[in-house]
*Asks:* 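Take this structure first; my questions come after.
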2 protein chains.
Amino acid sequence: METRRDIFQAIADPTRRAIIGLIAITAMTPGDLAAHFNTSRQAISKHIKVLVECEVIKQRNAGREILYQLDLNKMKEVDEWLEKYRCLWEKRFDQLENVLEKLKTKKK
Amino acid sequence: METRRDIFQAIADPTRRAIIGLIAITAMTPGDLAAHFNTSRQAISKHIKVLVECEVIKQRNAGREILYQLDLNKMKEVDEWLEKYRCLWEKRFDQLENVLEKLKTKKK
DNA sequence: TATATATGCAACCATTTAATTGCACAAGAA
DNA sequence: TTCTTGTGCAATTAAATGGTTGCATATATA
């Protein structure tokens, strides 16, 4: 077993993306998180486990409660992957500008 | 069946991310793509199908060949999702700068 | 026309995933 | 101490995933 997990698999599930959204700013307990979804608390706990394994979220114990919060560093990995494609669509935007520029000169 | 797919599920698989990387700039046929992997051509075709269903790539017929190329618009969806978190880590960077600033004034 | 090539699609299979239920255990509250 | 609450973990299950092989079809090439 011990499936190799990564951030891309972590954000593939819509429930996990929702969890990420909820604990981006404020840390929350599994119980509080589960209250936001239709599924069982244990199901949410499993999603949390995946997120922790991928190091997308970090935990902090407070008595019998456990507070989970987003770790932005891992989110940057997705950003870095996107980086190379971002320059492509910016390039395309430049090309579009070139086309517009040419049309403008044509009109003159 | 007819699983509801989205871009996040599309990029979850490492093989599909590799395909995306290969056809980002130049369009390629399934056969040419398959030559880059250890798996069968049909397996690659399945990945392509997922990517097409998610509208991450677009196809263009050329005789009996089919050319696939990345559609950057869908990639932007990931970028837009990241947008809200990006401002968070930039904010954190600002806070770090504030800390450094305070330390500097303390030294004076 | 006959043959080779490029591709998609269907059937099948092993593994993974996401969810459920039940239970154990530690930390507060009575 | 006894009870309640918050949590993690194990077992089970249905569905999805990623891969395989075999086959049908359309387009090139001999």
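Chain identifiers are assigned alphabetically (A, B, ...) following the order of the sequence lines, protein sequences preceding nucleic acid strands; residue numbering begins at 1 within each chain. Atom set for the values below is all heavy atoms of this structure, side chains included, hydrogens, waters and symmetry mates excluded. Quick caveat: nothing in here was measured; it's all calculated off a predicted structure.
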*Asks:* Any donor-acceptor pair, under 3.5 Å, between the side chain of R16(B) and the base of dG18(D), if you only look at N and O atoms?
*Replies:* no
*Asks:* Side chain of T29(B) only, please: which of dT20(C), dT7(D), dT7(C) is the nearest?
*Replies:* dT7(C)
*Asks:* Could you check how far CD1 of I44(B) sits from P of dT20(D), rounded to whole Å?
*Replies:* 9 Å
*Asks:* Side chain of E65(A) only, heavy atoms from C-beta on: which candidate in dT20(D), dT17(C), dT7(D) is closest?
*Replies:* dT7(D)
*Asks:* Could you tell me the separation between the CG atom of N61(B) and the P atom of dT27(D), rounded to a whole number of Å?
*Replies:* 9 Å
*Asks:* Could you give the CZ-to-C1' distance, from R60(A) to dT7(D), as a whole number of Å?
*Replies:* 16 Å
*Asks:* If every non-hydrogen atom of A12(A) is compared with every non-hydrogen atom of R17(A), which pair is closest and at what distance?
*Replies:* O-NH1, 3.2 Å
*Asks:* With side chains defined as the heavy atoms from C-beta onward, is the minimum distance between Y68(B) and I19(B) less than 4.5 Å?
*Replies:* no
*Asks:* Nearest heavy atom decides the nucleotide; on that basis, is K46(B) or Q42(B) closer to the 5' end of DNA chain D?
*Replies:* K46(B)
*Asks:* Where the side chain of Q9(A) meets the backbone of D13(B), is there a donor-acceptor pair that is under 3.5 Å apart?
*Replies:* no
*Asks:* What is the distance from NZ of K49(A) to P of dT17(C), rounded to the nearest Å?
*Replies:* 12 Å
*Asks:* For dT17(C), take OP1 and OP2 only and decide whether either is under 4.0 Å from a side-chain N or O of H47(A).
*Replies:* no
*Asks:* Do Q59(B) and N61(B) have side-chain heavy atoms sitting under 4.5 Å apart?
*Replies:* yes
*Asks:* Could you give the CZ-to-C1' distance, from R41(A) to dG22(C), as a whole number of Å?
*Replies:* 11 Å
*Asks:* Can you tell me which nucleotide in dG8(C), dG19(D), dA19(C) comes closest to the side chain of A43(A)?
*Replies:* dA19(C)
*Asks:* When you measure from the side-chain N and O atoms of S40(A) to the phosphate of dA19(C), is any distance below 4.0 Å, counting only OP1 and OP2?
*Replies:* no
*Asks:* With a 3.5 Å cut-off and heavy atoms only, can you find an N or O donor on one side and an acceptor on the other between the side chain of R64(B) and the base of dT5(C)?
*Replies:* yes
*Asks:* Do any side-chain nitrogens or oxygens of S45(B) fall under 4.0 Å of OP1 or OP2 in dG8(C)?
*Replies:* yes
*Asks:* Taking only N and O in the side chain of Y68(B), is any of them less than 4.0 Å away from OP1 or OP2 of dT7(C)?
*Replies:* no
*Asks:* Round to a whole Å and report the spacing from CZ of R5(B) to P of dA15(D).
*Replies:* 17 Å
*Asks:* Figure out the CG/C1' separation between L67(A) and dG8(D), and round it to whole Å.
*Replies:* 16 Å
*Asks:* Describe the nucleic acid contact of F37(B) in one word from base, sugar-phosphate, nothing, applying a heavy-atom distance below 4.0 Å.
*Replies:* nothing
*Asks:* Do Y85(B) and V78(A) come within less than 4.5 Å of each other through their side chains, counting heavy atoms only?
*Replies:* no
*Asks:* Rounded to the nearest angstrom, tell me the gap between atom CD1 in I66(A) and atom P in dA27(C).
*Replies:* 11 Å
